[in-house]
Amino acid sequence: MAIFNYNSERPFRGNPDLHLHYWGREQCLPGHFFGPGVRDVYKIHFIHAGTGEVTVGEQTHYLKPGQAFLTYPHIVTAYTADIANPWAYSWVAFTGEQVDYILAKTALSPEHPIFPMDEQLMPKLYELLTQAAEASDSLDLPLKAIMYEFFSLLLRAVPAVPDVLPLPRQKSIYVEQCLHFLHTHYCENISVEMMSSSLKLDRKYLSSLFKRTIGMPPQQYLLNFRIAKACELLTETLCTIGEISRSVGYQDPLLFSRMFKKVKGCSPKEYRSRHLENDIVL
């Protein structure tokens, strides 16, 4: 049975440096699985007992107790508990502007998502987060403090190799740099040409590499990311449609509305109204 804990405290801004969304634990049933599918958060599973496997792209990894694996947002992943010896794991799910920067300092990537747990903090991370949540009325800061301590240990456990990297790892770094560029500059008038120039890579090569890794071209990813940010602003602020349009990189509100409807199937105004109606019903 899975036990979920949620951080009910909303971040103080749309995309904070680090925000823990939820954490939990589960003794999985034989063959219990997720995917293949994607999430919009980073999620780490810590294996405490049993075994299972994780598949990202064409790579399958077999895990045992004392190991952990990281799943990346918007990257197709599948994982399955062993039939004979299903794993028991705990997990944390998080996002934030600093996450890409932190992970870039590690040897982790979508193709290499496995790392060893340390002997002190990681095995009891679920308990530490739960205790912190029970002891404080203000959840976000104590939870964030524990997560930053975890990341400091992660950097020691799997540091990035400063020497020449093998080609698959170098390719994944290019994609991580693309994602960081898009996440940082989505509110500006940017293009694939600007991104490739910033990374000093050929535009066609970069677009092809991005599509193979993420599953969509960078233009489509940028559109989806901008619309996701617009949805946050529509539901969490009183900004006008024009203000939101400019905040996510569209100087023309009419163009923004067309692109929003293309992705969400309704206008920004209709989306906000529906969300308000749902809140009233709840």
Side-chain angles (χ1 to χ4, degrees), residues 14-19 35-44 54-59 69-77 93-115 151 154-155 158-232 247-250 256 259 262-263:
N15 191 19
D17 291 343
L18 174 65
H19 183 70
V38 298
R39 291 189 174 94
D40 58 1
V41 296
Y42 290 92
K43 191 173 182 181
I44 294 176
V54 179
T55 300
V56 184
E58 298 180 356
Q59 297 288 327
F69 65 94
L70 167 66
T71 59
Y72 286 72
H74 313 298
I75 292 183
V76 177
T77 306
F94 53 90
T95 55
E97 287 186 344
Q98 286 295 311
V99 174
D100 285 345
Y101 172 74
I102 293 170
L103 293 178
K105 292 186 174 184
T106 74
L108 297 173
S109 70
E111 296 83 8
H112 300 89
I114 313 302
F115 63 93
F151 279 119
L154 182 66
L155 291 176
V158 279
V161 180
D163 299 327
V164 177
L165 297 169
L167 187 57
R169 173 63 179 142
Q170 187 63 61
K171 288 181 177 180
S172 72
I173 287 178
Y174 291 154
V175 174
E176 290 165 11
Q177 290 173 335
C178 289
L179 291 171
H180 179 70
F181 181 92
L182 295 173
H183 293 172
T184 304
H185 299 284
Y186 73 91
C187 56
E188 304 166 16
N189 183 22
I190 59 173
S191 63
V192 177
E193 287 78 9
M194 291 171 60
M195 183 171 68
S196 59
S197 176
S198 172
L199 300 178
K200 297 180 173 57
L201 292 171
D202 178 75
R203 180 185 65 81
K204 290 184 178 179
Y205 169 76
L206 191 60
S207 295
S208 175
L209 178 61
F210 189 97
K211 184 175 181 179
R212 286 202 307 272
T213 305
I214 303 299
M216 64 183 74
Q219 299 96 324
Q220 184 64 47
Y221 181 91
L222 176 60
L223 171 61
N224 292 349
F225 190 80
R226 281 173 163 169
I227 299 306
K229 290 297 178 184
C231 289
E232 290 180 10
S247 298
V248 297
Y250 292 97
F256 164 67
M259 302 311 290
K262 178 180 178 181
V263 174

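All values derive from a computational prediction rather than experimental measurement.
For the salt bridge (charged side-chain N to carboxylate O under 4.0 Å, His left out) condition, the pairs that include at least one residue of residues 189-209, sequence neighbours left out, are Glu193-Arg203.
The CD atom of Gln219 lies 9.5 Å from the CG atom of Leu182; values are rounded to the nearest 0.5 Å. Taken from CD1 in Ile227 to CE in Met259, the straight-line distance is 7.0 Å, to the nearest 0.5 Å. One finds the NE2 atom of His180 at 9.0 Å from the CD atom of Glu97 (value rounded to the nearest 0.5 Å). With values rounded to the nearest 0.5 angstrom, Ser198 atom OG is found 6.5 Å from His185 atom NE2. Atom CG of Leu108 sits about 5.5 Å away from atom CG of Leu154, to the nearest 0.5 Å. The CG atom of Leu70 lies 9.0 Å from the CD1 atom of Ile75; values are rounded to the nearest 0.5 Å.
Between Phe225 and Val248, the closest side-chain pair of non-hydrogen atoms is not below 4.5 Å. Side-chain contact between Leu201 and Met195 is absent, with no heavy atoms from C-beta onward closer than 4.5 Å. With a 4.5 Å cut-off on side-chain heavy atoms, Val175 and Arg212 do not count as touching. In this structure, the side chains of Pro217 and Ser207 stay at 4.5 Å or more apart for every pair of heavy atoms. Leu179 is listed as a side-chain neighbour of Ile214, based on a closest heavy-atom distance under 4.5 Å.
Without hydrogens or angle criteria, Thr71 side chain to Lys43 main chain gives a donor-acceptor distance under 3.5 Å.
Minimum interatomic distance between Ala107 and Pro159 (heavy atoms only, all atoms of both residues): CB-O, 3.6 Å. When all heavy atoms of Asn189 and Met194 are compared, the pair lying nearest together is O-SD, 3.5 Å. Across Leu206 and Cys178, no two heavy atoms sit closer than the pair CD1-SG, 3.3 Å. Looking at every heavy atom in both residues, Pro110 comes nearest to Glu176 through CD-OE2, 4.0 Å.
Of the options Val56, Thr77, Ile114, a side-chain contact (heavy atoms from CB on, under 4.5 Å) to Phe69 is made by Ile114 and by none of the others.
Not a single side-chain hydrogen bond (donor to acceptor under 3.5 Å, both in side chains) links Thr184 to another residue, sequence neighbours left out. For Lys211, there are no side-chain hydrogen bond (donor to acceptor under 3.5 Å, both in side chains) partners two or more places apart in sequence or in a different chain. Residues passing the ring pair (Phe, Tyr, Trp, His ring centres under 6.0 Å) test with Tyr221 are His74, His183, Phe210, sequence neighbours excluded. Residues forming a salt bridge (Lys or Arg N to Asp or Glu O under 4.0 Å) with Glu188 (at least two apart in sequence, or on another chain): none.
Remark: aromatic rings of Tyr186 and Phe181 are distant, center separation not under 6.0 Å.
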Requested in this report: Test side-chain contact (heavy atoms from CB on, under 4.5 Å) on Asn224 and Met216 and set out the steps.
Outcome: CA-CA 10 Å; Asn224 292 349; Met216 64 183 74; 3.6 Å; yes

Requested in this report: Go through Phe151 and Leu18 one step at a time and tell me if the side-chain contact (heavy atoms from CB on, under 4.5 Å) criterion holds.
Outcome: CA-CA 11 Å; Phe151 279 119; Leu18 174 65; 3.8 Å; yes

Report task. For Phe115 and Ile44, run side-chain contact (heavy atoms from CB on, under 4.5 Å): C-alpha distance rounded to whole Å, both residues' side-chain angles, the deciding distance at 0.1 Å, then the answer. Result -> CA-CA 10 Å; Phe115 63 93; Ile44 294 176; 3.8 Å; yes

Show me the donor-acceptor pairs within less than 3.5 Å that the side chains of residues 35-42 make with the rest of the protein, sequence neighbours left out.
residue: Arg39; atom: NH1; partner: Tyr79; partner atom: OH; Å: 3.2
residue: Arg39; atom: NH2; partner: Tyr79; partner atom: OH; Å: 3.1
residue: Tyr42; atom: OH; partner: Asp100; partner atom: OD1; Å: 2.2

